[in-house]
Amino acid sequence: MTEATQERTASRPSAARIGTRTRKVPRWWPLPAGLLLGALAGGVYGATSTPQYTATSYVIAVPTHQSDLSSAVGFAQAYSRVATQVAVLSDAQVAAGVPVGTLRSGVRAETSPDAPMVAISATSERPATAMAMANAVARALTANASHVKKDTHVELLRFTRAVKPTEPSSPSAGLTTLVGACAGGLLGGLALLLRPRHRDAPGTATVPAPAVAAGQRGGA
């Protein structure tokens with residue numbers, strides 16, 4: 001009876017052994033796991049997403065003899081906000097070959113606070129379409145501005161035409177992989193910091209040892 005009890009006790013894993021096996025997994029495992037998953041997600045996104053191309057056309061506001069440079073700068077900023085309005089995009093949709101909705105989502109206008117220059121950029125999946133969109137909106141904007149130049153005393157002229165882009169403006173697969181790895185590492189680090197510390201119950205590793213010793217003394 002004593003030998004059977006001793007065999008069952010010896011075959012039963014002690015709490016100390018269980019704790020040792022559990023501690024074999026490092027506590028910092030969320031960090032490399034986050035890096036790996038983030039890099040994988042970023043790489044998949046960069047490899048499967050459609051490349052985007054951007055073309056930019058520039059127009060410049062020129063003051064007449066009845067105006068000055070500060071007025072031209074002010075009107076350039078105003079025209080940059082008008083460039084993406086329906087009145088201008090409706091005139092540009094025929095030349096661009098795309099509907100107004102596509103122009104509204106793919107065209108943006110920017111200007112400098114100290115220069116009478118407006119940059120009109122268009123983004124599309126096709127380089128030729130991006131070029132046509134930027135040039136069409138720039139042409140429509142200068143045409144609308146010419147109707148009111150007698151009142152504004154500022155003339156809007158085409159400065160440079162948009163050219164067909166040769167390289168995509170969207171991030172490459174390598175860049176998205178790097179960004180994904182950084183984001184995953186950050187999330188893994190936060191999970192590691194917020195993870196509660198594991199504490200063993202007091203006396204867990206020392207309770208089974210006297211029981212085994214008592215069994216051995218009884219057998220002797």
Side-chain angles (χ1 to χ4, degrees), residues 42 45-46 49-183 185-186:
Y45 173 79
S49 60
T50 304
Q52 300 290 319
Y53 296 86
T54 301
T56 304
S57 178
Y58 294 90
V59 297
I60 186 172
V62 180
T64 62
H65 64 280
Q66 296 177 343
S67 183
D68 54 14
L69 182 59
S70 61
S71 298
V73 173
F75 276 105
Q77 296 177 0
Y79 284 132
S80 68
R81 292 188 290 269
V82 175
T84 55
Q85 299 300 316
V86 178
V88 177
L89 300 181
S90 298
D91 296 337
Q93 63 177 341
V94 177
V98 295
V100 175
T102 303
L103 290 174
R104 182 180 299 174
S105 61
V107 174
R108 67 180 185 274
E110 299 174 348
T111 186
S112 173
D114 53 0
M117 186 83 67
V118 181
I120 300 174
S121 301
T123 303
S124 176
E125 299 177 358
R126 300 179 179 180
T129 303
M131 178 186 66
M133 289 168 58
N135 287 328
V137 173
R139 189 182 304 110
L141 181 62
T142 55
N144 280 268
S146 64
H147 299 327
V148 294
K149 67 179 180 179
K150 292 182 179 180
D151 300 324
T152 61
H153 305 293
V154 173
E155 186 177 5
L156 199 64
L157 303 176
R158 297 280 297 276
F159 188 73
T160 58
R161 291 176 54 87
V163 296
K164 185 177 179 180
T166 58
E167 296 181 357
S169 58
S170 55
S172 61
L175 181 58
T176 56
T177 300
L178 180 60
V179 173
C182 293
L186 178 61

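Excluded from the calculations below are hydrogen atoms, water molecules and symmetry mates; all remaining heavy atoms, backbone and side chain alike, are included.
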Is the shortest heavy-atom distance from the side chain of [X] to the side chain of [Y] under 4.5 Å?
| X | Y | result |
| --- | --- | --- |
| Ile60 | Leu156 | no |
| Asp114 | Val73 | no |
| Gln93 | Leu103 | yes |
| Ser112 | Gln77 | no |
| Phe159 | Met117 | yes |
| Ile120 | Glu110 | no |
| Leu69 | Pro116 | yes |
| Pro63 | Asp68 | no |

Tell me the closest heavy-atom pair linking [X] and [Y], and the distance in Å.
| X | Y | result |
| --- | --- | --- |
| Val154 | Ala72 | CG2-CA, 4.1 Å |
| Val118 | Ala76 | CG2-O, 3.3 Å |
| Pro168 | Tyr53 | N-CE2, 3.4 Å |
| Thr56 | Ser121 | OG1-OG, 2.9 Å |
| Ala83 | Ala109 | CB-CB, 3.8 Å |
| Ala55 | Ala162 | CB-CB, 4.0 Å |

Is a side-chain N or O of [X] found less than 3.5 angstrom from the main chain of [Y], in a donor-acceptor match?
| X | Y | answer |
| --- | --- | --- |
| Thr84 | Arg104 | no |
| Thr152 | Val148 | yes |
| Thr142 | Arg139 | yes |
| Ser67 | Thr64 | no |
| Asn144 | Val88 | no |

Legend entry - Whether over 12 other heavy atoms sit under 6.0 Å from Arg158 CZ: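 Yes, because the 6.0 Å sphere around CZ of Arg158 holds more than 12 heavy atoms from other groups.
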Legend entry - Chi angles and distances behind the side-chain hydrogen bond (donor to acceptor under 3.5 Å, both in side chains) call for Thr123, Thr54: CA-CA 4 Å; Thr123 303; Thr54 301; 3.1 Å; yes
Inset, instruction - With side-chain hydrogen bond (donor to acceptor under 3.5 Å, both in side chains) as the test, would you mind laying out the steps for Ser80 and Thr111 before giving the verdict? - result: CA-CA 6 Å; Ser80 68; Thr111 186; 5.2 Å; no
Legend entry - Nearest-0.5 Å distance, CE of residue Met131 to CZ of residue Arg161: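 Between Met131 CE and Arg161 CZ, I get 7.5 Å after rounding to 0.5 Å.
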Inset, instruction - Begin from the C-alpha positions of Leu157 and Val59 and carry the test side-chain contact (heavy atoms from CB on, under 4.5 Å) through to its verdict. - result: CA-CA 6 Å; Leu157 303 176; Val59 297; over 6 Å; no
